[in-house]
Student: 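After the C-alpha cells below, expect a handful of questions from me.
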Amino acid sequence: MNKNISEIIDVSNEIYDKGLVSGKAGNISARFGDVVAITPTMTSLSNLDEEDIVLVDMDGNVLTKGKPSSEVNMHLEIYKKRPDVKAIVHTHSPYATGFAFSNKKLKRLEGFGEIKTPYLSDIEYEKPGTDELARSASEGIGDEDVLILKNHGVICVSDSLKEAMLLAVFVEETAKTQFITLMLNSAEDSD
C-alpha cells in the first residue's frame, strides 16, 4: 500500500507542476479492493506527505487520520458504478476548465484510444462536494474515460494513476490546441 500512496504523491506533484491544478484545488484517488486512498481536503497537491493521504472504505468511512477531499463521494460513486476504474484524477486545468465555463464543447482527438463520440462528455454544474455532483458525475461518466464538469473542471479515470494523469495532460493539451484554433479562426474572420 505504501508504494501506491507514494504514487498518489508523485502524481499529485506532477499535475501541480504541470499547472493542471493550483492552490488547494483538485484531488486524486486510487482504489485498492474495498479501500480508496484519496488526497486530503484543503491541502495543496504540491507538497503532500504519506501521512496526508486519507484511506476510506467504499461507504466513505475514514480509516486513517485526516479529512478526505470534499469530493470523496464523487470518487466513491464513480468507483461503485465502474469496477474497471482504479484511479481518478480531478483537475481544474486552465484551458479545459475554460471550455467547461464556455458554451464550446471539447472535441475528442486521437491520441487516447478509439474516438467513439465527437466530443468529450459533460454534465451540468452541481455544487462541488455535494451528493448531487457525486450522482451526476457517476452517471455522466458512463463508460467514458473523461468527463467535463460544467463551470468546474475535469475528471479523468483509468485502471492506473499514471494513465489517468497522462489522460488529464492530454485533455489539457487538446483544450489548448482547440483554444488556439478558435482564436486563429476568429482572427481570420475579422480580416
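For the numbers below, each heavy atom of this structure counts, side chains included, while hydrogens, waters and symmetry mates do not.
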Student: For residues Lys105 and Asp122, determine if any side-chain heavy atom of one lies less than 4.5 Å from a side-chain heavy atom of the other.
Tutor: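 Heavy-atom side-chain distance check passes, below 4.5 Å.
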Student: Report, as yes or no, whether the 6.0 Å neighbourhood of atom NZ on Lys81 holds more than 12 heavy atoms from other residues, nucleotides or ligands.
Tutor: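 Enclosed: over 12 neighbouring heavy atoms sit under 6.0 Å from NZ of Lys81.
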Student: Check whether any side-chain heavy atom of Asp17 lies under 4.5 Å from a side-chain heavy atom of Glu14, and answer yes or no.
Tutor: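 In short, these two side chains do not touch, never coming nearer than 4.5 Å.
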Student: Please examine the side chains of Met74 and His90, heavy atoms only from C-beta on, and report whether any two atoms are closer than 4.5 Å.
Tutor: yes
Student: Does some side-chain heavy atom of Asp131 sit less than 4.5 Å from a side-chain heavy atom of Glu77?
Tutor: no
Student: So which heavy atom on Glu172 is nearest to which on Ala96, and how close?
Tutor: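 Closest approach of Glu172 to Ala96: OE1-N, 2.9 Å.
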Student: What closest approach, in Å, do Ala164 and Ala87 show between heavy atoms, and which atom pair accounts for it?
Tutor: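 Here Ala164 and Ala87 meet closest at CB-O, 4.2 Å.
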Student: Before you tell me yes or no, could you show the steps for Ile148 and Leu106 under side-chain contact (heavy atoms from CB on, under 4.5 Å), namely the whole-Å CA-CA distance, both residues' side-chain angles and the distance that decides it to 0.1 Å?
Tutor: CA-CA 9 Å; Ile148 305 297; Leu106 259 174; 3.9 Å; yes
Student: Tell me whether Thr97 contacts the main-chain N or O of Ala100 through its side chain, where contact means a donor paired with an acceptor under 3.5 Å.
Tutor: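 Judged by distance alone, no pair lies under 3.5 Å.
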Student: Any non-hydrogen side-chain atom of Ile38 less than 4.5 Å from a side-chain atom of Ile28?
Tutor: no
Student: Under the side-chain hydrogen bond (donor to acceptor under 3.5 Å, both in side chains) definition, can you give me all pairs with a residue in residues 34-44, not counting sequence neighbours?
Tutor: Ser44-Ser46
Student: Without swapping roles, check the side chain of Arg31 against the backbone of Gly33 for a donor-acceptor pair under 3.5 Å.
Tutor: yes
Student: State, to 0.1 Å, how close Ser29 and Tyr79 come at their nearest heavy-atom pair, and which atoms those are.
Tutor: OG-OH, 2.6 Å
Student: Any side-chain to backbone donor/acceptor pair from Asp52 onto Asp49? Under 3.5 Å, distance only.
Tutor: yes
Student: Any side-chain heavy atom of Val62 sitting closer than 4.5 Å to one from Leu55?
Tutor: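 No, too far: nothing below the 4.5 Å cut-off.
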Student: Are Leu161 and Val36 co-members of a hydrophobic cluster defined by side-chain heavy atoms under 4.5 Å apart?
Tutor: no
Student: How close do Ile53 and Ala37 get, counting heavy atoms only, and between which atoms?
Tutor: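 So the two residues come closest at CG2-CB, 3.9 Å.
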Student: Test your reading of the model: is there a side-chain donor-acceptor pair from Gln178 to the backbone of Lys107, 3.5 Å cut-off?
Tutor: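 Answer holds: yes.
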Student: Could you tell me which non-hydrogen atom of Val54 sits nearest to which non-hydrogen atom of Gly66, and how far apart they are?
Tutor: CG2-C, 4.0 Å
Student: Just by distance, do the side chain of Lys150 and the backbone of Ser102 share a donor-acceptor pair under 3.5 Å?
Tutor: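 It does hold such a pair.
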Student: Taking all non-hydrogen atoms of both residues, which atom of Leu45 and which atom of Val21 are closest, and how far apart?
Tutor: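 What the structure gives for the nearest pair is CD1-CG2, 4.0 Å.
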Student: Using 30° and 60° as the class limits, which term best fits the ring planes of His152 and His92: parallel, tilted or perpendicular?
Tutor: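 Perpendicular: the ring planes of His152 and His92 meet at over 60°.
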Student: Kindly indicate whether the side chain of Ser121, heavy atoms from C-beta on, has any atom under 4.5 Å from the side chain of Val146.
Tutor: no
Student: For the pair Ser136 (side chain) and Glu132 (backbone), establish whether a donor and an acceptor sit closer than 3.5 Å, ignoring hydrogens and angles.
Tutor: no
Student: Between Arg108 and Glu144, is there a side-chain N and carboxylate O pair less than 4.0 Å apart?
Tutor: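 Yes, Arg108 and Glu144 are salt-bridged.
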Student: For atom NZ of Lys104, is the number of surrounding heavy atoms from other residues, nucleotides or ligands below 6.0 Å larger than 12?
Tutor: no
Student: Give me each pair satisfying salt bridge (Lys or Arg N to Asp or Glu O under 4.0 Å) with a member in residues 56-66, each pair once, sequence neighbours excluded.
Tutor: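 Checked against salt bridge (Lys or Arg N to Asp or Glu O under 4.0 Å) - neighbours excluded - no pair reaches residues 56-66.
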